[in-house]
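For reference, the structure is listed below as structure tokens.
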Amino acid sequence: MVVSLYAFAAMVIARELVIPSVFPAAVAGNIPGDPDYYHRLALERVEAIREGGISELQLRPEGQGPAGLASLVYLVNPSPYSFVLINALSHGLSALMMAMLVMRWFSVRAALVAIAPLVISPYMMVWFFQLNKDSLVLSGVLMLVYGLVRFVTAKERVPVREGMISLLFMGGGVVLLWTMRPYLNQVLLPIIAVLLVFSLGWRAMGGHLSFSGGAVFALYGLILIACLGVLGQGAASSETIRRLESFDFDIDGAVGNEASGYREGKSVAARCLDRIKAEVWRDENALPDYVNRKLRAMMGQRCLTFTLLETQKNSTVLKSMVDVDRWPAGSLEALGYLPRALMLGFFAPWPDDWSYVFRNGPSFFYMVVPLEAFLLYAGLLGLGFWAWRTRMWVTLIPLFLSVGVSLAYGMTTPFLGVLYRYRFPFWIIIICLGIAAMMDLRARRGGECRSGETGLDVSELGSTESLRQG
């Protein structure tokens, strides 16, 4: 509740003071672009519901989840501040889920300190005070990751009650993602499937799994995979992915008003899309058809991102768009882009870009992001060293998820500004766990110093988890 109150106050200040000075074109605190678009869609739905009844209610009008949720809220109170309250409550839920995730391995004190970057992030406050998808996406990701960690790290037999509790968290996260950004469930499905199979195999090879325990684990895992598969469609972005997978659209028309530019060879998006035409694209025979289709669709989505170069002319967009001259035309070329995609999706901005704000004048975005990138790098080192030191490799499960999703985003989104927003839930998990790990390492080092004076061997005390539970 404290976090929600703080978030609400920060968002109100942002709407009333920050936005009018930074965005003169803002109307009633709504930034031009997606937030204003969602707001107008929601008001249109409200009018339709009042005239035609509840049958006019739509979960995603024009494929946009925030507008559907806002239309319900606006039926009670049409003020944008009613949705700001929803965002603030969602931020409080995210902080709670992050704290619970950190406390799976670390102390309460470490968790309260470690979640600070999530709670007080100034970029988050400026970001979440609008109608947006990301507030609930963050909560959904953290609920899903917490439930998954709780499920995978359950004791030997995976009791039915513990499995049900984990499923409730995972199911809640999947539903939130389905409401706002369903394609993320598609991205998570193969990553989580691999993780569950590996976890089941590890338990079986270690002799820590009875037949009944394995059956329960497999059943709950299949339920989760089924939910991810069923709830992976629905939004406007999902329709784009479907069309890219089947390519039942006019590639030349996909660049809209830039058809003339394409004919003259000027449109980056059109030339990129030209490389994924059936007569040009080269499938790899050694790969399953599913993988070839996905790789082609991902490269198609990447090409569509380049349309922003034709509709947005400001310097921020131009600076944020990268690799505009790299257009893979086959599955092998797409696979060859994976290392670069990982650098973009997970590690960017890298240190040589951190000084951008000093070279090019003050920028709120370029001041905050390098700081969080530094925390990410430090968190990676801290978490990796802590896992090696304690041999508690299960702490790397969130890292596996974060890297997998960030890699997918890096393959499809060569626009750093948008990429940062998409990957934030997975970045912040590593940052917070890394801070907790570094705190625990420091405490262990202090304990070793004290044990040297008293003759006590602290290695006999066991893991942090056993200390916390004992």
Side-chain angles (χ1 to χ4, degrees), residues 3 7 65-66 69 86-104 111 114-115 117-119 121 123-124 127-128 132-152 166-196 224-225 227-229 231-232 234-235 237-238 345-346 372 375-376 379 383 395-410 412-413 418-434:
V3 174
L69 179 57
I86 299 294
N87 290 346
L89 293 174
S90 177
H91 194 63
L93 174 61
S94 297
L96 175 62
M97 297 311 305
M98 182 67 81
M100 292 172 66
L101 176 63
V102 174
M103 285 189 293
R104 294 298 296 179
I115 67 172
L118 168 64
V119 172
S121 172
Y123 189 72
M124 299 285 283
W127 178 9
F128 281 7
N132 71 88
K133 300 177 181 180
D134 303 283
S135 299
L136 292 177
V137 167
L138 175 62
S139 297
V141 167
L142 291 174
M143 287 184 69
L144 176 57
V145 173
Y146 171 74
L148 184 64
V149 166
R150 181 169 180 152
F151 176 62
V152 172
S166 299
L167 269 182
L168 285 176
F169 282 107
M170 291 187 288
V174 169
V175 169
L176 285 177
L177 295 180
W178 173 69
T179 304
M180 293 293 157
R181 199 168 280 157
Y183 72 82
L184 190 50
N185 285 334
Q186 294 184 41
V187 175
L188 284 165
L189 191 154
I191 300 172
I192 290 177
V194 169
L195 178 62
L196 291 176
L224 173 60
I225 294 301
C227 290
L228 289 168
L231 301 180
S237 53
S238 300
F346 193 71
E372 291 181 335
L375 291 176
L376 174 76
L383 185 60
T395 54
L396 300 182
I397 290 174
L399 178 60
F400 177 75
L401 291 171
S402 299
V403 170
V405 175
S406 298
L407 179 61
Y409 277 138
T412 58
T413 313
V418 173
L419 184 61
Y420 174 81
R421 182 162 54 90
Y422 287 170
R423 73 185 179 190
F424 183 85
F426 301 93
W427 252 36
I428 200 67
I429 289 173
I430 306 305
I431 289 173
C432 294
L433 285 176

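Note that this is a predicted model, so its numbers are computed, not measured.
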Give the C-alpha distance, both sets of side-chain angles, the deciding distance and a yes or no for side chain to side chain contact (heavy atoms under 4.5 Å, CB included) between Leu144 and Leu177.
CA-CA 9 Å; Leu144 176 57; Leu177 295 180; 4.2 Å; yes
Carefully, step by step, assess Met98 and Val119 under the rule side chain to side chain contact (heavy atoms under 4.5 Å, CB included).
CA-CA 10 Å; Met98 182 67 81; Val119 172; over 6 Å; no
Verify side chain to side chain contact (heavy atoms under 4.5 Å, CB included) between Ile191 and Phe400, making sure each step is shown before the conclusion.
CA-CA 8 Å; Ile191 300 172; Phe400 177 75; 3.6 Å; yes
Mind running side chain to side chain contact (heavy atoms under 4.5 Å, CB included) on Ile115 and Leu96 for me, showing each step along the way?
CA-CA 9 Å; Ile115 67 172; Leu96 175 62; over 6 Å; no
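Interatomic distance, Leu433 CG to Thr395 OG1, rounded to the nearest 0.5 Å: 8.0 Å. A distance of 9.0 Å separates CG in Leu375 from SG in Cys432, rounded to the nearest 0.5 Å. Interatomic distance, CG of Leu118 versus CD1 of Ile431, reported as 9.5 Å (0.5 Å rounding). Met97 contributes atom CE, which lies 4.5 Å from atom CZ of Phe169 (distance to the nearest 0.5 angstrom). In this structure, the separation between CZ on Phe346 and CH2 on Trp427 is 8.5 Å, given to the nearest 0.5 Å. How far CZ of Phe151 is from CD1 of Ile192: 11.0 Å, rounded to the nearest 0.5 Å.
A heavy-atom distance below 4.5 Å is not found between the side chains of Ser90 and Leu138. Looking only at side-chain heavy atoms (C-beta outward), Leu401 and Ile429 stay at 4.5 Å or farther from each other. Between Leu188 and Val141, the closest side-chain pair of non-hydrogen atoms is not below 4.5 Å. Within the 4.5 Å cutoff, side-chain heavy atoms of Pro117 are placed close to those of Ile428.
Taking both residues in full, the closest heavy atoms of Val405 and Leu184 are given as CG1-CD1, 3.9 Å, listed atom of the first, atom of the second, then distance. When all heavy atoms of Met103 and Ala111 are compared, the pair lying nearest together is CG-CB, 3.5 Å. Taking every heavy atom of both residues into account, His91 and Ala7 meet most closely at CD2-CB, 3.8 Å. Between Phe426 and Ser406 the shortest heavy-atom distance is CB-OG, 4.5 Å. The minimum heavy-atom distance linking Asn132 with Met180 is given by the pair O-SD, 4.5 Å. Among all heavy-atom pairs drawn from Val187 and Ala408, the shortest one is CG1-CB, 3.8 Å.
With Asn185 contributing its side chain and Leu231 its backbone, the two residues share a donor-acceptor pair below 3.5 Å. The backbone N or O of Ser166 lies less than 3.5 Å from no partner atom in the side chain of Arg150, so there is not a single donor-acceptor pair. No donor-acceptor pair under 3.5 Å is formed between the side chain of Thr413 and the backbone N or O of Leu419. At least one donor-acceptor pair under 3.5 Å links the side chain of Thr179 to the backbone N or O of Val175. Between the Ser139 side chain and the Leu93 main chain, no donor and acceptor come within less than 3.5 Å of each other.
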